[in-house]
Each structure stands twice: as C-alpha cells, then as structure tokens.
Amino acid sequence: MPDKKKLIDTLEIQRTLTREEFIHLLTGFTEEDAEYLREKAVKTAKQYFDNKVYTRGLIEFTNNCKNDCYYCGIRKSNTNVTRYRLTKEDILECCKEGYGLGFRTFVLQGGEDLRYSDDDMADIILTMKANYPDCAITLSIGEKSYKSYLTYFKAGADRYLLRHETANKEHYEKLHPASLSLENRKQCLRNLKEIGYQVGTGFMVGSPYQTAEHLAEDLLFIKELSPAMIGIGPYLPHHDTPFADREKGSMDLTLYLISILRLMIPNALIPATTALGTIHPLGREKGVLSGANVVMPNLSPVTVRKKYELYDNKICTGDEAAECRVCLQNRMKKVGYEIISARGDFVPMED
Ligand code: 5AD
Ligand code: FES
C-alpha cells in the first residue's frame, strides 16, 4: 500500500479514491498525516470560499418523532422527554429575531412529527418566504413521500437536509428499527434531488458498530450522490437510549473526514456541527480549520432548547446561549475566519 501522503495527493487530484484506498487512508493515520491532509483541505476551502464562513439559523421546531432510532435522544420510546411543538407564530418570531441578527438562511429542523400536515408545513414555508423573500429555507424533517417533498418545494423550500447515517445496509439495520430502511432513505435523497432541492446528507462518526469499511462506503456514497451540503459530527451517547453505554466518536477522525470531504467535493457546504462543538470546546473552530465552511447557530427559543437533546451535554442550551450568533462570530474571528450573512447557495462546478 502507498503511504498516506501519496493517497492524499491522489485524492486531491482525482477527488476520490477506491474503497480499499479509503479504508487504508482511514486506518492508523498519524497526526502528521492529518496535518498534511488538513493543509490541503484548508487551501481548497480558501480557493472556493476565501476565509468566509456561512451561517444558518437553526430552528428546532418540534421534538416529537414517530421514529425510534437507537442512537437518538428524542426517539419515540424515550418517555423522559418533555415534548414540545412551536406554532407558526413561534417560528415566525424566531425568523424575525434571526433576520435582525443577519441570518439569510433558516433551517427548520424537527423529528418526524405527523401533527404538522403537509398543508401546515406549506403554510409555514409560504409565510416565511412572503415575510423574508431574500432568505433561503432549509428543511430537515426526515423521510416523506415524493408528493410531500414536492409540496414543500412548491411552497418555497430551497434546501433539504437528510443524513443517510450510514451507507452500509447491515450497519443501518443495527442503528435503526426494522420500520426504517437504507433503501428508503436513499430513495428520499434521490427524490429530493430530482425535485430540485439543494440536498444535504451526512453521517455520524463513531456510531456503534461502525468500521473503516463503513466509512469508506459513506464516502463513496456521498461522492456518487454529489450533495450540495455534507453534515458530519461525532456520535455522542444519550443516557435514555439503547446506546447509552456506547463510546462516543472521535473528534480527530471527524476532523480528518471533514478534510477528506473537502477534497472530494471542493465547493460543498460543510458545517462545523453542534456535535463537534459538544465533544470539544473548540470543536467548531477546529472544524473550520479542517475545511468546514458553515456554522449553524441555534435560533430556537431558549425555553425549548434543553428539550431538543439528541445526545447528552449538547451545547447552546442554557439561558446564557441566547446569542449564539455573536458567540460564533467572535469564535470564528479568533481563528481568522469571517461569518457572512449571504444566503450561501451551492454553486455548481464549471467542469
Ligand atoms: N450523536 C450524534 N449525532 C446524532 N444525531 C442524532 N442522534 C445523535 C447522537 N446521539 C444526528 C443524526 C441526525 C442529526 C439531526 O443528528 O445524524 O441526522
Ligand atoms: Fe451557542 Fe456559543 S454558539 S453559545
């Protein structure tokens, strides 16, 4: 096998590797390898985005979910969660505050909550678009029918985040109950693309049972899907799930994967996620310094933030966190990056 630096050179030129090469790249890398990769990833990110970091206002509008994913703190079976739903008025209030703070993308994220009908969602989206025509709307509300996705798109939704979680069928089945399937997940992603959304996918790093082979398959799946956005973060246990006692994922491996993804899809929008900020106090800064170019401060009302706990110790849930935007602006500035207000749409490559 060639050494890792040679593989990194190949990745930079070819923008992909074979499954075996990815496995090798991901196994037993040194800090020197990671540094070599990070430098190339940052150089690439700077070519496309300079030192700019896009920002999206995250509105966690419901923690009700019909699913029971084994890793997720708001899974249906967790009876210890205080469930909440934001009304349309609550959501618009978040947007008003966010707009004033400079956000030009709003992300509506929630569990799969059947209480919001397609008409309800369309009504919320239409009103947001009417009030803030210069803003992008991103949805992150899980698996829906083609028809539902089309309804939201026609109402004005621009983007959709749906992490595939793992591209390996056996692994997928270890993380989810039988009611969920990788095939349907992939079909949803294809449908979203076909409808015309800017699509985001991604996975957790270090989820239970995950191997380097699985990660290689995740990378190849992402290459093939060619998404506009790629969100990854370390797996973090939640005390009220079947995976409560599992090890958390590795920050270093997450950062390494961010750099790999940056070289694979240079123009992608890659967030430094909240999970990365939770695993280490400077995780999001490190994410950007590894090739990420998006941050997603929490815009949810402070009163509900603690209730949207996908994993333990999630940051930005205290009263003091009312102002994540300013906090992140300062954090990014400290490491030489500038948060900008632009919508930050995906720009396809010319070739
Ligand atoms: N640790 C880290 N990330 C998680 N997610 C869900 N549960 C956890 C957890 N315990 C991620 C999933 C999901 C996204 C919204 O949050 O990847 O797609
Ligand atoms: Fe939320 Fe810093 S980003 S408190």
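Order of appearance sets the numbers: ligands from 1, and atoms from 1 within every ligand. Only this structure's heavy atoms are used, side chains among them; waters, hydrogens and symmetry mates stay out. Start at 1 with the first residue, then count along the sequence.
Counting heavy atoms of neighbouring residues, nucleotides and ligands inside a 6.0 Å radius, atom CD of E35 exceeds 12 of them. More than 12 heavy atoms of other residues, nucleotides or ligands shown are found within 6.0 angstrom of CD on Q47.
With ligand atoms numbered from 1 in the order given, ligand 1 contributes 1 (N), 2 (C), 10 (N) to contacts under 4.0 Å with heavy atoms of Y235. Counting the atoms of ligand 2 from 1 in the order shown, those under 4.0 Å from a heavy atom of L328 are 3 (S). Close contacts of ligand 1 with R163, meaning ligand atoms under 4.0 Å from a residue heavy atom, involve 11 (C), 12 (C), 17 (O), 18 (O). For ligand 2, the atoms sitting less than 4.0 Å from at least one non-hydrogen atom of C316 are 1 (Fe), 3 (S), 4 (S), numbered in the order shown with element in parentheses. Short contacts between ligand 2 and C324, defined as distances under 4.0 Å to a heavy atom of the residue, involve ligand atoms 1 (Fe), 3 (S), 4 (S).
Not a single N or O atom of Q109, backbone or side chain, sits closer than 3.5 Å to an N or O atom of ligand 1.
For N298, the heavy-atom gap to ligand 2 stays at 4.0 angstrom or more. Heavy-atom separations between R284 and ligand 2 include at least one value shorter than 4.0 Å.
Of the candidates G111, P237, P234, P234 brings a heavy atom nearest to atom 2 (C) of ligand 1.
Applying the 4.5 Å side-chain rule to ILVMFWY residues, one finds V42, V53, V288, L289, L328, M332, V335, Y337, I339 in the same cluster as V295.
Ring centroids of H238 and F243 are separated by 6.0 Å or more, keeping the two rings apart.
Looking at E165 against ligand 1, only its side chain comes within 4.0 Å, counting heavy atoms.
Under the 30°/60° scheme for interplanar angles, the aromatic rings of Y152 and Y149 are found to stand perpendicular. Between H214 and H171, the ring-plane angle classifies as parallel under the 30° and 60° cut-offs.
Each of T211, T166, N168 was compared with E217 under the side chain to side chain donor-acceptor pair (under 3.5 Å) criterion, and only N168 meets it.
With Y99 as the aromatic partner, R104 meets the cation-pi criteria of under 6.0 angstrom to the ring centre and within 45 degrees of the ring axis.
Among the atoms of C327, no N, O or S atom falls under 2.8 Å of atom 1 (Fe) of ligand 2.
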